[in-house]
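Read the structure below first, then the notes.
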Amino acid sequence: MKKFTYQVKDQMGIHARPAGMLINEAKKYKSVITIDTGAKKAELTRLMAVMALGVKCGQTVTVTVEGEDEDKALSEIKSFFEANL
Amino acid sequence: MKRIAAKTVYKGIALGKIHVMQKSDSSVNRSRVDDPENEILRVHQSIDVAESQLQELYDKAVKEVGESNAAIFEVHQMMLRDLDYVESIENIIRTQQVNAEYAVAVTGDNFAEMFAGMDDDYMKARSADVKDISERLICCLKGGTSQGDVFKEPVIIVADDLAPSETVTLDKSKILAFVTVHGSTNSHTAILARTMNIPALIGAEMNLDELKSGMDALVNGFSGEFIIEPSEEIREEAKRNIQKEKEKQELLEQLKGKENVTLSGKKIKLYANIGSIGDLGYALENDAGGVGLFRSEFLYIGKNELPSEEEQFQIYKQAVQNMAGKKVIIRTLDIGADKQADYLNLGKEDNPALGYRAIRICLTQTDIFKTQLRALYRAAVYGNLSIMYPMIISTEEVEKIKKITAEVKQELAADNIPYKDVEEGIMIETPAAVMISDELAKMVDFFSVGTNDLTQYTLAIDRQNAKLDPFYNPHHKAILKMLQIVTDNAHKEGKWIGICGELGADPELTETFINMGVDELSVAPSAILKLRSIIRQIP
């Protein structure tokens, strides 16, 4: 199991469109990927659940990756966050 | 005749027959099924159909309103495929042995409620998206096409509220206007209407059951009125106004995209003065090179309290995004004198024009100033924003402003909030500023001359006092000389200068300004094309 934390810089937080892109990214991997705000948790392959976290700008989230391709998944998802959120 | 008051989302006038849009029959019955797996299969087949419809809508919207406005249909496609959403539908069908339509309706309601209950306005608004996809899915299950109504002649669309998918499926050439009972200025419908350049009213208090498609009506986006079966007199007046608009439009078509250049090749920029976010459409429609004066007062006047940083940020952000890379110069709060806000308790003054106003308030009540500056620097990330400070009389004031802006930026950086440095200029509207413009030019990025105040202070004439009209000469040599001094001083320091007062739009002076070397004129949007045609005839 691997994890990283990230502070969201996008002004809108994790809003609909980037959430959608994030889900498409997460679906590429066999690993189970979860996002945790401290208060709530969601699987990163579930769009409405991720949107319902209501992650705002400045909030820190923890992303956990577990599975056979976890190394690759972690580094790709992390770069996605850095580039888009 | 019946007048209905409403809120204008996009100005314009339309006269025609109404078309009342009834929601396609989305009522759903609950019925028991013997073969739940077959229902689930139907759900998946319908999701495929709905998805391809949404893809078509997306492609259509990209062409008509641009990618960023079309993105919502991409999100809708993903919502349709959301695991929780689909699993919830499947579970209801299996556990309750019910029909697919019912399961979709219940699931849609649950998810919509979840979003509606969030403490974030943006997420709250997503509840409408969930309802929209669920209705589409139900329609597909029933074998409907969900492709909107068809009409032979152009109509005024009247509805309770319009989902984005409904507005985009309509044939634009057949729509005169939108009028809805619900909807917000930030709804997709409002944004699309604005982009599509169709007059639109929201919040119209009416009972749709009393209206019938085919009734005559007038939509007046200038007065915010929806008039059912208007009198002959009102119709005639509306027709004249529509004709005027049409003539303007024709002028626009000819000059749109052309340069503001004289026959000998001298160029000048023509920007728009705007007083609210709603005017942005006019600026773009009239081919403004940018916004030369965005009066931020509308955010402060007519309210019970100061606008929050977030509220301001959203407005400024929308402004720079709508102008898509074109310059937007936002003037900081210029309140006081004739513009009052009760909650500020500014008090009565014997001589308000020479009183506590504009930058003087901002430099005294710095918390108000800082909130606005934070919103401005944050919004700058999203486009080409500049800031301009009104009523400057000394270099000390500019130094104070710089100290405050530096603090604001430090605070933003410390909070890890993204912001951007911007061009910052001052208004030249006092004789004092003219006299020291050589020094001021070294401290700022640009000047913008506010000729209304400059004229009033230089000639010592109150423009509101009609008795003084015989003494008032807007082309007074003193003003023109001052403009030349300020222009030369700006250029000596390599800075640019614009005029944003009424004089800037005076066609008799356009040639004089160009010869002086003025770089930009910021005028009412409706004056831009008129000036462009004048400029293009100057030798």
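In the text below, chain A, chain B and the rest are named by the order of the sequence lines, each starting its count at 1. Below, each value reflects all heavy atoms present in this structure, side chains not excepted, and no hydrogens, waters or symmetry copies. Note that the structure is a prediction, hence the values are computed from the model and not measured.
Annotation for A/Leu47 and B/Val75: closest pair CD2-O, 4.4 Å, computed over non-hydrogen atoms. Residues B/Met114 and A/Ala52 come closest through the heavy atom pair CE-CB, 3.5 Å. Nearest heavy-atom pair across A/Asn24 and B/Met78 is ND2-SD, 3.6 Å.
Within 6.0 Å of NZ in B/Lys327 there are more than 12 heavy atoms belonging to other residues, nucleotides or ligands. Heavy atoms from other residues, nucleotides or ligands lying under 6.0 Å from NZ of A/Lys27 number more than 12. With a 6.0 Å radius and a threshold of 12 heavy atoms from other residues, nucleotides or ligands, A/Lys3 has its NZ atom at or below the threshold. Environment of NZ in B/Lys326: crowded, with over 12 heavy atoms of neighbouring residues, nucleotides or ligands closer than 6.0 Å.
Note on B/Ile417, B/Leu83, B/Asp415: by heavy-atom pairs under 4.5 Å with chain A, the leading option is B/Leu83. Highest contact tally toward chain B, considering only A/Arg17, A/Met48, A/Met51, is held by A/Met48 [criterion: heavy-atom pairs under 4.5 Å]. Looking only at heavy-atom pairs under 4.5 Å with chain B, the residue among A/Arg46, A/Met21, A/Lys56 that has the most is A/Arg46.
B/Met79 touches chain A through backbone and side chain together, each having a heavy atom under 4.5 Å away. Only the side chain of B/Asn416 comes within contact range of chain A, with heavy atoms under 4.5 Å apart. For B/Val130, the part lying under 4.5 angstrom from a heavy atom of chain A is the side chain only. Residue B/Gln77: no heavy atom, backbone or side chain, is found under 4.5 Å from chain A.
The interface of residues 7-14 of chain A with chain B, defined by heavy-atom distances below 4.5 Å, comprises A/Gln7, A/Lys9, A/Gln11, A/Met12, A/Ile14.
In this structure, A/His15 NE2 and B/Arg126 CZ are separated by 10.0 Å, a value rounded to the nearest 0.5 Å.
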